[in-house]
Amino acid sequence: QVQLVESGGGLVQAGGSLRLSCVASGIIFSDNLMGWYRQAPGKQRELVARITPGGSTNYADSVKDRFTISRVNGQSTIYLQMNSLKPEDTAVYYCHAVQMALHHLPNLGSWGQGTQVTVSS
């Protein structure tokens with residue numbers, strides 16, 4: 001059974017920082033493309049950042065140069081360091097895992113329960 005457990009969300013003022021964590025179990029972590037998505041009220045879920053087993057990353061344009069995704073394969077954990085947070089970053093953030101062979105089909109992956117990030121102005 002796949003489990004992705006997020007932590008680290010909360011309330012922060014604009015310009016502040018937060019670090020999200022996601023611990024995975026029930027998957028072969030080193031075979032999975034890991035990512036963070038977010039969903040704001042009334043909006044569709046969107047990709048924030050992804051990281052391959054080898055450490056290659058890509059980011060949404062809106063978070064480039066502010067957010068950093070990383071992974072520790074030996075701990076089956078990924079992180080999202082979020083700096084210079086803006087009110088528009090307010091959303092529920094979800095951890096995502098999908099086998100690399102299915103990277104083009106994210107809907108076939110697994111999701112965490114989500115963690116709320118609220119940025120006040």
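Numbers here are sequence positions counted from 1. As the structure is a computational prediction, the values presented were derived from the model and not from experiment.
Taking the ring centre of Tyr94 as origin, the terminal cationic atom of Arg45 falls inside the region bounded by 6.0 Å and 45° from the ring axis.
Ile78 and Cys95 get closest at one heavy-atom pair: CD1-SG, 3.8 Å. Contact detail for Arg71 and Ser30: the closest heavy-atom pair is NH2-CA, 4.3 Å. Shortest non-hydrogen contact noted between Pro87 and Ser121 is CG-CB, 3.9 Å. Of all non-hydrogen atoms in Asn32 and Pro53, the two that sit nearest each other are O-CG, 3.5 Å. Contact detail for Leu4 and Ser110: the closest heavy-atom pair is CD1-O, 3.3 Å. A pairwise comparison of heavy atoms in Phe29 and Ala24 identifies CD1-CB, 3.9 Å as the closest pair.
Looking only at side-chain heavy atoms (C-beta outward), Gln75 and Ser21 stay at 4.5 Å or farther from each other. Side-chain atoms of Cys22 and Leu20, non-hydrogen and from C-beta on, never get closer than 4.5 Å to each other. In this structure the side chain of Pro106 never reaches within 4.5 angstrom of the side chain of Val98, judged on heavy atoms. Counting heavy atoms from C-beta outward, Thr90 and Gln116 have side chains that approach closer than 4.5 Å. In this structure, Val117 and Leu18 have side chains that are in contact, with non-hydrogen atoms separated by less than 4.5 Å.
For Leu105, the CG atom counts as densely surrounded, since its 6.0 Å shell holds more than 12 non-hydrogen atoms of other residues, nucleotides or ligands.
Note that the OG atom of Ser84 and the CG atom of Asp65 stand 9.5 Å from one another [nearest 0.5 Å]. If you take CD on Gln13 and CG on Leu85, they are separated by 11.5 Å, rounding to the nearest 0.5 Å. One finds the CD1 atom of Ile51 at 10.0 Å from the OG1 atom of Thr68 (value rounded to the nearest 0.5 Å). Note that the CD1 atom of Ile69 and the CE atom of Met82 stand 11.5 Å from one another [nearest 0.5 Å]. Note that the OG atom of Ser70 and the CE atom of Met34 stand 11.5 Å from one another [nearest 0.5 Å]. Going from atom CG of Leu102 over to atom CG of Asn107 covers 11.5 Å, rounded to the nearest 0.5 Å.
Formation of a donor-acceptor pair under 3.5 Å by the Gln99 side chain with backbone atoms of His103 is not found in this model. Asp89 contributes a side-chain N or O that, together with a main-chain N or O of Lys86, makes up a donor-acceptor pair within less than 3.5 Å. Arg50 contributes no side-chain N or O that, together with a main-chain N or O of Asn58, makes up a donor-acceptor pair within less than 3.5 Å. Although no hydrogens or angles enter the test, the distance criterion places no donor-acceptor pair under 3.5 Å between the side chain of Tyr79 and the main chain of Val72.
By the 30° and 60° cut-offs, the orientation of the rings of His96 relative to Trp111 is tilted.
The hydrophobic clustering, which links ILVMFWY residues whose side-chain heavy atoms are closer than 4.5 Å, places Val48 and Val12 together. Side-chain heavy atoms closer than 4.5 Å link hydrophobic residues (I, L, V, M, F, W, Y) into clusters, and following such links, possibly through other members, connects Val92 to Leu47. Tyr93 and Tyr37 sit in two unconnected hydrophobic clusters of ILVMFWY residues. Membership requires side-chain heavy atoms under 4.5 Å apart, directly or through other members.
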Walk me through whether Arg38 and Val63 qualify under side-chain contact (heavy atoms from CB on, under 4.5 Å). CA-CA 12 Å; Arg38 67 185 181 188; Val63 307; 4.0 Å; yes
Checklist line | Worked check of side-chain contact (heavy atoms from CB on, under 4.5 Å) between Asn83 and Phe67 | finding: CA-CA 6 Å; Asn83 298 329; Phe67 290 10; 6.0 Å; no
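Side chain to side chain, Gln113 and Glu6 meet the donor-acceptor criterion of an N or O pair below 3.5 Å.
Between Asp61 and Lys64, at least one side-chain nitrogen of the basic residue sits less than 4.0 Å from a carboxylate oxygen of the acidic one, meeting the salt-bridge criterion.
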